[in-house]
Each structure stands twice: as structure tokens, then as C-alpha cells.
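Before any comments, here is the structure.
We use all heavy atoms of the structure for the numbers below, so side chains are in, but hydrogens, waters and symmetry mates are not. Below, chains carry the letters A, B, ... as their sequence lines are ordered, and counting in each starts from 1.
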2 protein chains.
Amino acid sequence: MKRKVTLKQIAKELDVSISTVSKSLKDSTEISEDTRLKVQAFAKLYNYKPNNIALSLKNKKTKTIGVIIPEIVHHFFATVISGIEHLANENGYNVMVCLSDESFDKEVINMEMLANGSIDGFILSLSKETQLKRDFHHITEIINQGMPVVMFDRVTNDILCDKVIIDDNLAAFNAVQTLIERGMKKIALITTVDYVSVGKLRTDGYIKALKTNDLKVNNELILKIEDIDNCENLIEDLIKNNKIDAVFAVNELFAVTAIKAASKHNIKVPEEMSVIGFTDGIISKYASPSITTVSQNGIKMGEKAAKMLIERLESDEWDDEQFKTEVIETHLVERESTK
Amino acid sequence: MKRKVTLKQIAKELDVSISTVSKSLKDSTEISEDTRLKVQAFAKLYNYKPNNIALSLKNKKTKTIGVIIPEIVHHFFATVISGIEHLANENGYNVMVCLSDESFDKEVINMEMLANGSIDGFILSLSKETQLKRDFHHITEIINQGMPVVMFDRVTNDILCDKVIIDDNLAAFNAVQTLIERGMKKIALITTVDYVSVGKLRTDGYIKALKTNDLKVNNELILKIEDIDNCENLIEDLIKNNKIDAVFAVNELFAVTAIKAASKHNIKVPEEMSVIGFTDGIISKYASPSITTVSQNGIKMGEKAAKMLIERLESDEWDDEQFKTEVIETHLVERESTK
DNA sequence: TTTCAACACGAAAACGTTTTCGTTTCATTT
DNA sequence: AAATGAAACGAAAACGTTTTCGTGTTGAAA
């Protein structure tokens with residue numbers, strides 16, 4: 001077992017100073033060709049690689065990005081991470097991932113943990129609980145300490161920082177508008193509780209589309225689901241008890257569950273009922289019928305977020321206090337669940 | 001913007017030495033109560049938190065686990081990460097995630113990057129390309145440097161280290177055995193190319209089950225897919241051209257694609273054809289019909305891998321050179337695609 | 001009064017780098 | 001022969017900790 005070799009060991013072995021070794025390896029002209037080559041050969045032989053931790057301490061830069069997300073077993077968040085990781089890697093950064101599990105406390109603990117030197121900046125999406133509590137002191141504090149933060153998807157106006165989002169409101173509006181244009185009148189909405197920012201925005205888009213087209217907003221057709229694990233019965237009731245033309249769901253899980261409920265009651269999709277979901281994930285693609293969705297390009301969001309963060313990190317320190325909000329384009333991916 | 005405060009700054013502010021500050025914060029009895037309280041109050045006021053990087057350098061421990069996986073936009077790997085992250089977090093560890101994108105070179109680069117001090121140990125699953133090349137020197141080298149490695153799922157006998165796997169062979173055998181017991185005779189296999197370790201093992205299990213039951217192994221019923229993105233046509237041909245009783249697929253993607261192909265040709269699942277998949281993921285759950293699968297508990301695998309790694313890290317340094325291979329239990333999750 | 005603990009604190013090394021600023025040596029110029 | 005200057009290298013600080021080992025000041029015991 002040969003342990004990693006350090007500058008000190010090389011120096012001792014070759015009977016020169018640590019400085020000489022360091023300079024030699026950096027091809028400094030200060031060192032004679034003789035010693036330079038000798039040191040380099042020795043270093044290569046022993047496979048010397050500088051210690052990242054020591055470099056981090058010296059440079060006050062870790063070249064690491066911290067990512068805090070609510071969960072990872074979730075197609076959208078997984079794609080975002082993928083985007084972040086790739087862009088980070090291209091730029092010589094590594095990625096530390098922490099899960100908040102939708103919990104405020106875990107979000108706080110994880111952020112404080114990482115903020116103490118482990119990383120250079122954050123990319124994060126708020127947990128449900130944090131959105132419910134509207135308590136963001138842990139994030140503003142970190143920003144105040146001079147650490148850049150980029151938020152994505154689940155963001156809030158209460159924090160000033162760079163953000164990457166989609167236009168949830170508009171995307172929902174367009175989706176519902178499409179349904180209306182195709183003749184649907186009785187359109188149900190399956191959404192989350194209001195404190196989830198994106199859920200609220202999509203709900204607003206739905207309502208706006210109805211109003212724009214002089215359709216009544218019927219609260220019986222709006223289902224707000226708190227506990228995602230027990231949504232089947234609620235959705236089944238909604239579909240069974242109302243003669244619905246179409247369903248707009250704010251995520252794919254609700255969409256596929258609606259389709260399953262319809263099929264259970266012999267309602268044909270899309271002939272008798274159209275369904276549009278949100279987030280173009282794996283379920284929508286492989287469900288039967290496959291589901292028309294609003295695409296939400298997680299890869300792009302991740303890449304954009306990483307790019308913004310790295311640019312801040314490498315700009316000359318806070319030269320520009322103007323924070324930006326980038327809006328990622330969405331579009332409707334038409335599949336079999338709409339006619 | 002108030003930057004993070006250090007021991008040195010506190011020391012200067014209170015006109016004591018750095019040592020005194022450090023000891024005070026650690027409640028050392030060496031320090032008088034007076035100064036101790038004074039220092040603690042000041043530290044609290046300025047929200048002092050020790051710098052992780054400095055601690056890592058001093059302790060030669062980063063309290064960070066490196067994870068290398070082929071991709072993350074993949075339900076199984078996402079669940080594994082989830083398991084790793086939770087167990088790591090419980091034990092005060094953080095997780096750095098790197099994606100190899102199924103590429104040998106990226107796997108090597110990422111590992112070398114992290115091995116230079118950034119992490120205490122690795123958890124990894126081999127990329128396809130690495131499995132194809134059978135070149136593992138980058139991993140053995142890291143192990144030789146004294147860094148613990150735990151491999152999961154896609155492992156190899158060529159490396160001596162801790163491992164976490166499922167019994168792919170047995171699980172496949174049992175799945176096919178179940179099909180046979182229910183009267184199926186013409187059972188197709190949709191699998192990967194042989195160099196993917198788990199694909200090969202599952203293929204062997206399929207063959208073994210047939211042979212055990214004196215059924216002929218018909219190569220026309222075995223489809224080995226290289227390019228996962230273009231599997232539809234191949235699978236459709238397989239199903240169209242053979243009157244098949246059942247399909248055993250080595251992942252859920254193949255399984256759902258088989259079902260779609262069947263439905264396209266008006267073959268009813270499960271009435272005319274049963275389907276069993278592998279990896280109990282989100283597709284299987286939400287497909288129509290939902291798919292019977294061999295469960296492969298990624299959370300448990302991740303937790304187990306993290307546990308083994310942390311135990312090695314915190315044991316008294318290589319006290320035990322015996323590496324273990326943990327086998328995670330699987331079982332058949334029965335759904336609608338089998339009768 | 002001397003001696004010796006106990007007490008309270010500080011200096012310094014160590015972790016592994018990079019980099020600035022000497023210092024020594026030797027050859028060249030005046 | 002003295003002065004200058006380049007060439008080649010080393011010492012030391014710095015990043016932020018922890019910890020060992022002093023050291024100076026007390027008070028009490030001898």
C-alpha cells in the first residue's frame with residue numbers, strides 16, 4: 001500500500017526544499033533545468049498529485065458547488081442535477097448533493113454544514129416546508145456572508161439572488177388554452193396545495209385561461225392535493241362524479257393517475273377525455289396512452305443554474321449586484337392523451 | 001456583508017491567543033470560566049463555525065463520500081443515491097456525486113479528481129465502457145493508496161473490495177420459474193449485451209430456469225439490445241414474429257416497450273402474453289397494465305453500501321482485510337402484467 | 001522565606017500547498 | 001580588486017484549525 005506522496009516527502013527524498021519542488025512542478029524558470037527535470041521525473045514516478053484540501057485552504061476556493069434539493073428520486077430533480085453536474089464538470093467544479101426531504105430543518109442544517117467552507121456556492125430549490133413557513137433567514141444569511149446562491153424552480157421573491165425558472169403561469173395558461181381551442185369546456189385541474197410556489201402559479205394560469213375564454217371557474221373541478229401518496233381516491237372521485245372534458249394536471253403523477261381512474265370507469269382517453277400533464281418525464285412517455293405534457297427541461301435548468309453560479313464565482317467578486325432571473329422555455333409535447 | 005469569522009479574528013478582538021479561543025470553545029478546563037464565557041459569548045454573537053476545510057486538512061478526514069455512477073436520470077441510480085445520502089447524513093458525512101456517463105475516461109478522471117484528498121472513500125458502480133474494456137487499474141490503484149471502495153450493482157470479480165449486489169442470477173431464475181409454473185412455455189428474453197455484468201447474470205438465470213424445466217433455449221427468443229434508445233423496432237419484431245407466451249425483460253424500459261408493442265399488435269397483456277420486468281421503478285408502477293417486476297431495492301443498496309464504507313472508514317484502519325459482499329434480497333412484485 | 005502545585009494562558013508545530021522575499025554563489029563588468 | 005547582477009535555491013508566511021508543551025503567576029505548604 002503506497003500512500004499518496006507530498007511535496008515534503010519529495011523534497012526530503014531529493015534533498016531540496018519544498019519550494020524548489022513546488023516551483024519545479026510548475027515549470028518555474030527560477031529553477032535550473034537539471035533540478036526541474038529531476039523533480040518532475042521523481043514526481044511522475046511516484047504519481048504526485050497536489051492535495052485538493054490544501055489547495056482549497058490556500059486559495060479559499062473549493063471548486064465545489066453545493067446543491068440542495070427536496071428529493072432525488074424524482075425525474076425532474078434528477079435531470080436538473082444531471083445538468084448541473086455536466087456543466088460543473090466542464091468547468092472543473094465538483095458537486096455536493098444534499099437532500100432536504102421537503103423538510104425545513106434538514107434544509108437549514110445541510111446548508112449551514114456546507115456553508116462552512118466546504119463549497120463555493122449554492123444551487124437550491126426550496127423544500128415544501130420552507131415554502132409553507134416562508135422562513136428564509138438561513139438563505140439570506142448565507143448570501144450576506146458573501147456566498148453566491150442560485151435558486152431554481154421553487155423560488156421566492158423574498159430572496160434576492162440569481163434564479164432559474166420556467167414561466168409556470170404562462171405554460172399552464174397555454175396548455176389550458178390549447179384544450180379550450182380544441183373544444184373542451186369542462187376542464188378539471190389537479191394541483192398541489194397553494195403554498196407550493198409552482199403549483200400556485202400553474203393554478204393561476206389555469207384560472208386565467210378559463211377567464212380569458214369566458215368560462216366559469218368551477219371550484220368542484222379544482223382538486224388541491226396535499227398528500228401525494230394518497231391521491232388515487234380523490235382523483236377517482238373527481239373524475240367519476242363530474243362529466244369532465246379534460247384534465248390539466250400540474251405534474252405527471254396526477255396526470256397518469258387521472259388516466260388510470262378514467263380507464264377504470266371506462267372513460268376513453270383521449271376520445272372522451274383529454275389529459276395534459278406537466279413536467280416531461282418518464283411516466284408521460286411510457287404511460288398508455290402516452291401523455292401530452294408541458295415540457296420542463298431540467299437539464300437546461302441545471303446547466304443554466306450552474307452557469308450563472310460559476311460566472312458569479314469567477315467574476316471579480318460582486319462587481320455586479322444585479323441579480324438575474326432566467327426563464328427557460330417550455331412547450332407542449334403532444335402525445336396520445338389529447339386529441 | 002459580514003464575512004465568516006475565524007479563530008484568529010476572535011483572538012485579536014478579545015486580545016487573547018488563538019489557542020485560548022479554540023480551547024474556550026471546546027470547554028477546556030484549562031481556561032478560566034471568565035475568559036471561557038467571554039469567548040463563547042463573542043463567538044456566538046458572530047456566529048462562529050469552524051472551517052471545514054481547515055479541519056479536513058488537520059484531521060486528514062473530509063467526512064465526505066464520493067459516489068461515481070453511470071447516470072443519475074435513471075430511477076434505480078437515483079434511489080441508490082437517496083439511500084447513500086440519508087445514511088451518510090445520519091453519520092455526519094456529505095456526498096459528492098460524479099457521473100461517468102457510461103464512459104471509461106470520465107470515470108477515471110472523476111475518480112482521480114476526487115481521490116486527491118477531496119473524499120474519504122468511494123461508492124461506485126461501473127460504467128458500461130469500463131465493463132467492456134475490463135480495465136480497472138484506476139480503481140485498484142486508489143484502493144492500493146489506502147482509500148476504501150465499495151462497489152454496487154455493476155461489480156467485477158477483478159477488484160477486491162466490499163460489494164453490494166442483488167443475486168441477479170437467482171432473481172431472474174425465480175422470475176422465469178414463476179412464468180413456467182403458470183404454464184408459459186414460449187418465454188422470450190429481452191436483455192442487454194453480455195458485457196454488462198448484471199445483464200449477463202440475468203440472462204444466465206433465464207437460461208438456467210428453462211433448462212431446469214427441460215425447455216429448449218431458443219436463440220430466436222433471446223434479444224440482446226446494445227443501443228437502448230432504439231429498441232422499439234427490435235422488440236416489436238420479436239413479438240410480432242413469434243407467438244410468445246411471456247416476456248422476461250432485464251429492465252423496466254424493455255418491459256414497457258414490449259407491452260406497447262404487444263398492444264400495437266392487439267396482443268392482450270396478460271391474457272395472451274405475460275410480462276415480467278426487472279427493477280421496481282416508476283414505469284412499472286404507472287404503466288398500463290402495471291408491470292410485474294423483480295424488485296431491486298435501490299434505497300437499501302445505497303444504505304448498505306454507505307454503511308459498509310463508513311464502517312471501514314471508522315474502524316481502526318484496515319484491521320480486517322476480509323472484504324464482504326452483501327446480497328440484497330429481491331422479490332417478485334406482482335401487478336397486472338402477469339396472470 | 002523558599003518550594004511546589006495548580007492555574008491560566010501562549011507559542012509553536014502540524015496538515016499540504018503557493019508565493020514572496022531573501023540569500024548564497026559565481027561570473028562579469030568597472 | 002571591488003562592485004554589480006543574474007542564477008538557483010531556501011526560509012517563511014499564509015490559509016484555519018487542534019493540540020502539545022512550555023511559561024509565568026499565584027497561593028499555600030514546608
Side-chain angles (χ1 to χ4, degrees), chain A residues 3-40 42-43 46-64 113-120 145-147, chain B residues 3-40 42-43 46-64 113-120 145-147:
Chain A
R3 294 245 161 217
K4 299 231 66 136
V5 66
T6 68
L7 288 187
K8 192 195 256 194
Q9 289 164 26
I10 298 181
K12 193 174 171 191
E13 219 50 52
L14 296 182
D15 208 36
V16 292
S17 78
I18 295 180
S19 342
T20 304
V21 177
S22 177
K23 288 170 189 166
S24 297
L25 295 177
K26 297 195 112 49
D27 270 327
S28 162
T29 54
E30 250 184 279
I31 308 298
S32 72
E33 200 180 348
D34 249 27
T35 25
R36 209 158 17 99
L37 294 179
K38 192 177 64 183
V39 170
Q40 290 178 359
F42 192 93
Y46 282 88
N47 193 27
Y48 169 80
K49 296 276 167 52
N51 180 300
N52 290 329
I53 296 293
L55 286 179
S56 295
L57 185 58
K58 179 128 222 339
N59 302 332
K60 305 188 127 220
K61 296 202 170 166
T62 60
K63 286 283 196 169
T64 301
M113 179 102 212
L114 294 193
N116 297 316
S118 301
I119 60 160
D120 295 341
Q145 284 169 8
M147 177 163 291
Chain B
R3 294 244 163 219
K4 299 232 65 139
V5 66
T6 68
L7 288 187
K8 192 194 257 194
Q9 290 164 26
I10 298 182
K12 193 174 173 189
E13 222 43 58
L14 296 182
D15 208 37
V16 292
S17 78
I18 296 180
S19 340
T20 304
V21 177
S22 177
K23 288 171 188 167
S24 297
L25 295 176
K26 297 195 112 49
D27 270 331
S28 162
T29 54
E30 253 183 278
I31 308 298
S32 73
E33 199 179 350
D34 249 28
T35 24
R36 209 157 17 99
L37 294 179
K38 194 176 62 182
V39 170
Q40 290 178 358
F42 192 92
Y46 282 88
N47 193 28
Y48 169 79
K49 295 275 167 54
N51 180 300
N52 290 330
I53 296 293
L55 285 180
S56 295
L57 185 59
K58 178 131 225 332
N59 301 331
K60 306 189 127 221
K61 296 204 171 167
T62 60
K63 285 281 192 173
T64 301
M113 178 103 214
L114 295 192
N116 296 317
S118 301
I119 60 161
D120 296 340
Q145 283 168 8
M147 178 164 290

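Applying the 4.0 Å criterion to OP1 and OP2 of dC7(C), one finds that T29(B) has every side-chain N and O outside that range. Applying the 4.0 Å criterion to OP1 and OP2 of dC9(C), one finds that T35(B) has a side-chain N or O inside that range.
Using a 4.5 Å heavy-atom threshold, the side chains of L25(A) and R36(A) count as separate. Looking at heavy atoms from C-beta onward, I10(A) lies out of side-chain contact with E13(A) at the 4.5 angstrom threshold. Within the 4.5 Å cutoff, the side chain of N47(B) has no heavy atoms near those of the V5(B) side chain. Between N51(B) and N116(A), the closest side-chain pair of non-hydrogen atoms is not below 4.5 Å. Considering only heavy atoms from C-beta on, K4(B) comes within 4.5 Å of K49(B) through its side chain. In this structure the side chain of T20(B) reaches within 4.5 angstrom of the side chain of I31(B), judged on heavy atoms.
Rounded to an integer number of Å, the gap from N52(B) CG to dT18(D) P is 11 Å. The interatomic distance linking K60(B) (NZ) with dT18(D) (P) rounds to 18 Å, in whole Å. Between the CG atom of L7(B) and the C1' atom of dG10(C) there is a distance of 14 Å, rounded to whole Å. Protein atom CG of L57(B) is 11 Å distant from nucleotide atom C1' of dT18(D), rounded to whole Å. In this entry the distance linking CD1 of I53(B) with C1' of dT18(D) reads 16 Å, nearest Å. Atom NZ in K49(A) sits roughly 16 Å away from atom C1' in dT17(C) (whole-Å rounding). Across the protein-nucleic acid pair, K8(A) atom NZ and dA11(D) atom C1' stand 14 Å apart, rounded to whole Å. Atom NZ of K12(B) is separated from atom P of dA14(D) by 12 Å (rounded to the nearest Å).
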Polar atom pairs between nucleotides 19-22 of chain D and protein, under 3.5 Å, N or O only, would you list them?
{"unit_1": "dT20(D)", "atom_1": "O4", "unit_2": "K23(B)", "atom_2": "NZ", "d": "3.3"}

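Listed nucleotides dG10(D), dC9(C), dG16(D) differ in distance to I31(B); the shortest reach to its side chain belongs to dC9(C). When distances run from any side-chain atom of A54(B) to the nucleotides dC15(D), dG10(D), dT17(D), the shortest one goes to dT17(D).
Residue S56(B) is classed as having no contact, given no heavy-atom separation below 4.0 Å to the nucleic acid. Across all strands shown, L55(B) has heavy atoms under 4.0 Å from sugar-phosphate atoms exclusively, and none from any base.
Comparing P50(A) and D34(B) by the nucleotide of DNA chain C that holds the closest heavy atom to each, the one mapping nearer the 5' end is D34(B).
In this structure, D120(A) contributes its side chain and T62(A) its backbone to a donor-acceptor pair below 3.5 Å. Checked by atom type and distance alone, the side chain of S28(B) never pairs as donor or acceptor with a backbone atom of S24(B) at under 3.5 Å. No donor-acceptor pair closer than 3.5 Å links the side chain of N52(A) to the backbone N or O of L114(B).
Take Y48(B) and apply the ring-ring contact (aromatic ring centres under 6.0 Å, His included) test, not counting sequence neighbours, and it matches no residue. For D34(A), the side-chain contact (heavy atoms from CB on, under 4.5 Å) partners two or more places apart in sequence, or in a different chain, are S32(A). Checked against side-chain contact (heavy atoms from CB on, under 4.5 Å), K63(A) has the following partners two or more places apart in sequence or in another chain: Y93(A), E314(A).
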In the 5'-to-3' direction, what one-character label does each nucleotide of nucleotides 23-28 of chain C receive under the scheme B = base within less than 4.0 Å of a protein heavy atom, S = sugar-phosphate only, - = no such atom? ------
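Rounded to 10 degrees, the angle separating the terminal axes of the helix from dT1(C)-dA30(D) to dT30(C)-dA1(D) is 90°, with each axis obtained from five end pairs.
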